[in-house]
Amino acid sequence: MDLPVQQFRTKAEQAYLDLFETAEDALPGARDPFVSGLRAKAIGAYGRLGLPHRRVEAWKYTDLRARLTEVNPLVKADGAAVSEAELGQALGAEIASLPAYRLVVVEGDLRADLSDLAGLKSAGVEAVSLARALEKPPVWLKRTLAQVNPRADDAVLALNAALMTGGIALRIGEGVILDKPVHLIQLDGVGDPASIFTRNVVVAETGSAATLVESFGSLGLRLLQRNAATELRIGAKAAVKHVKVQRDRDDAFHLSTWLVELGADARYDAFQFSTGASLTRNQVYLCFAGEGSAADISGAFLLRARQHCDTTLLVEHRVPRCTSRELFKGVLDGEARGVFQGKIIVSPGAQKTDGKQMAGALLLSETAEFDSKPELEIFADDVVCGHGSTSGQIDEELLFYLEARGIPESQARALLIQAFVGEALEKVEDEALREALGHASADWLGVRVE
Amino acid sequence: MLEIKNLHVNVDGREILNGLDLTLPQGEVHAIMGPNGSGKSTLAYVLAGKREYEVTAGSVTWKGEDLLAMEPSERAVAGVFLAFQYPIEIPGVATMTFLRTAVNALRKARGEAELSTPDFLRFVREKAQALKIEPEMLKRPLNVGFSGGEKKRNEILQMALLEPSLCVLDETDSGLDIDAMRIVAEGVNALRSPERAMLVITHYQRLLNYIVPDRVHVLSDGRVARSGGPEVALELEESGYTEFDGKAA
Ligand SMILES: Nc1ncnc2c1ncn2[C@@H]1O[C@H](COP(=O)(O)OP(=O)(O)OP(=O)(O)O)[C@@H](O)[C@H]1O
Ligand SMILES: [Mg+2]
């Protein structure tokens with residue numbers, strides 16, 4: 001593919017190139033030819049692409065080039081102590097205390113002192129700091145890193161590959177069925193503006209089953225610029241549940257990319273819950289590489305003030321007999337803006353594909369906005385695909401019914417908003433997790449859970 | 001006592017009630033009958049405080065309190081309950097959660113302690129059983145997928161739980177089979193008490209065989225065209241509403 005050549009660069013676009021040049025020799029894996037080669041290729045791609053802007057179709061509603069005017073320096077992990085109370089503060093008590101194998105990444109640094117590496121190891125999971133793994137990548141990582149459903153045309157992802165400083169590499173062994181979720185907590189630090197580039201590489205081998213919860217929260221860093229990517233390869237007959245809870249500080253930029261590849265007869269259930277950051281981009285690229293698999297990518301976002309949250313999904317049915325489902329629900333107050341773009345591509349020969357997507361927004365103010373753009377590209381004839389989108393205000397009839405029963409108006413509104421979000425939360429099977437997300441919604445609404 | 005004086009109500013700029021007068025003492029049950037579109041549901045909604053109904057003149061007091069000055073939830077606290085002609089479906093809100101929220105909201109507003117979970121469950125189960133409502137139904141989202149009759153029974157269940165003092169039943173009998181109607185009527189009769197007043201809106205004399213009213217009012221063109229004892233309902237069954245056509249306007 002011919003990549004368009006950038007004519008000129010904005011200050012921020014140039015700043016990333018400078019950042020790379022300055023940091024290059026000190027980045028993890030700088031002396032490993034595989035890693036440094038990968039970084040060089042990535043920064044080259046970024047240089048050609050530049051930052052995405054509104055004339056790039058996939059970024060139509062989120063003009064990153066216009067919004068990103070300053071580039072923060074790379075974060076320096078200082079290994080400072082993080083207390084349980086701070087974790088609870090950053091993530092919400094219910095999320096922080098989820099029963100799970102905990103992995104804590106602070107400022108890109110996997111913190112052994114806060115993580116249950118021993119527990120994971122005895123459960124059959126290999127978990128290592130990505131920073132360390134990059135210095136001398138094991139064979140399995142060399143066969144995976146930047147190769148799971150790869151993208152050549154994504155500048156945000158290219159920046160991530162060029163500048164990643166940490167994260168985790170996780171390998172769930174063949175047939176390993178985890179008894180509780182792996183909770184990957186990803187925090188910023190404190191103090192001055194910084195950029196954090198993290199990448200997680202996860203392989204769920206044949207017949208394994210696991211739940212991976214990725215939570216993002218803030219310890220108080222100002223104007224965080226986060227670029228987080230997760231690559232997830234799901235082997236044949238494996239089942240992975242993947243939940244993301246994002247409550248970065250309300251002045252943060254949160255750019256997130258998930259790259260997912262499913263083998264045959266595999267199952268993937270993803271849920272993305274966002275209440276944080278001033279600008280969020282949640283992009284998920286998923287491809288079916290083996291027949292007979294099913295994926296569900298759903299989520300909810302609750303936004304107020306001038307928050308902006310863009311969910312952009314690309315699901316590629318490359319092989320026959322796979323099923324994909326997407327359901328996203330947004331609650332938008334103030335001048336918040338929600339974006340949902342869902343694209344389903346059905347390759348020639350991917351017969352018996354079944355793909356459906358649905359997005360809905362509840363607008364709590366006149367100035368909130370929801371943009372939804374479904375796209376279907378179907379090159380096979382024996383398929384069932386559908387999409388739908390709704391956007392509206394709280395139904396006055398429902399509100400009156402609740403009020404007529406003695407429920408005060410504000411409480412009745414909150415109940416209806418929770419009900420709206422609840423339809424999406426239903427997708428989360430794990431009860432503790434679903435309840436924690438219910439709490440997080442109630443928290444956002446400022447109400448107590450009945 | 002419910003006192004409605006010279007009530008004028010507009011919807012969408014059109015006058016639906018024009019000078020309605022009605023007095024309902026505590027301890028009594030009054031029936032309201034009248035042709036389709038005569039304003040029965042409008043009256044019920046105005047009592048409950050639905051916002052799009054604009055009161056342009058007149059007054060409504062319940063036990064001396066000005067209902068029209070209150071928010072819908074405040075009216076519920078003051079004892080007003082409307083069993084809807086068309087109960088609303090609310091996906092995503094479990095019936096049980098809704099019932100509990102409502103019961104506790106009222107208790108809180110009245111300065112009573114909230115019910116504990118086991119106490120509440122016992123309370124609901126007992127009332128639901130009397131109305132032959134399966135406990136399974138209460139786990140489902142509010143009214144979603146309920147049959148017409150189940151929705152109506154669910155209204156009466158709410159009435160039994162909230163223990164209002166002014167009950168307004170808007171065509172609770174429509175859509176009920178004979179057995180369900182008997183069950184609902186028993187539920188309503190169980191709530192009859194010297195402190196409670198009931199306004200029963202219906203098209204059918206049959207319901208009034210079970211819930212015998214103290215008085216019957218006939219609404220026509222937005223006002224009470226005739227009031228009398230239970231015999232009025234029997235006469236209407238014979239002659240229909242033709243004699244009221246245009247007369248009350
Ligand atoms: N929200 C509304 N908007 C517009 N018109 C309305 C509204 N509510 C009621 N009306 C009109 O007011 C009139 C009275 O309606 P209402 O529902 O009170 O009648 P009703 O006596 O309850 O009739 P029924 O026996 O069919 O239930 C009707 O002409 C109806 O169309
Ligand atoms: Mg009516």
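Atom set for the values below is all heavy atoms of this structure, side chains included, hydrogens, waters and symmetry mates excluded. Proteins come first, then strands; the chains are lettered A, B, ... in the order of their sequence lines, and each starts at number 1.
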Any side-chain to backbone donor/acceptor pair from [X] onto [Y]? Under 3.5 Å, distance only.
X	Y	answer
Glu54(B)	Thr56(B)	no
Arg434(A)	Val428(A)	yes
Gln26(B)	Met1(B)	yes
Arg196(B)	Pro164(B)	yes

Checklist entry - Glu423(A), Glu397(A), Glu409(A): which one forms the most heavy-atom pairs within less than 4.5 Å of chain B? => result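 Of the options given, most contacts go to Glu397(A).
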Checklist entry - Can you tell which of Leu402(A), Asp395(A), Leu415(A) makes a side chain to side chain contact (heavy atoms under 4.5 Å, CB included) with Ile90(B)? => result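 Exactly one option meets the side chain to side chain contact (heavy atoms under 4.5 Å, CB included) with Ile90(B), and it is Leu402(A).
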Item to check | Winner by heavy-atom pair count (cut-off under 4.5 Å) against chain A, out of Pro141(B), Pro91(B), Gly92(B) | outcome: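 Among the listed options, the one with the most contacts to chain A is Gly92(B).
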Heavy-atom distances under 4.5 Å only: say whether [X] touches chain A with side chain, backbone, both or neither.
X	result
Ile88(B)	both
Glu74(B)	neither
Ala48(B)	both
Leu99(B)	neither

Checklist entry - At a heavy-atom separation under 4.5 Å, does Leu416(A) approach chain B through its side chain, its backbone, both, or neither? => result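 Leu416(A) touches chain B through side-chain heavy atoms alone.
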Checklist entry - Looking at the rings of Phe84(B) and Tyr401(A), which for Trp means the six-membered one, are their centres under 6.0 Å apart? => result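 Between Tyr401(A) and Phe84(B), which both carry aromatic rings, the centre distance is below 6.0 Å.
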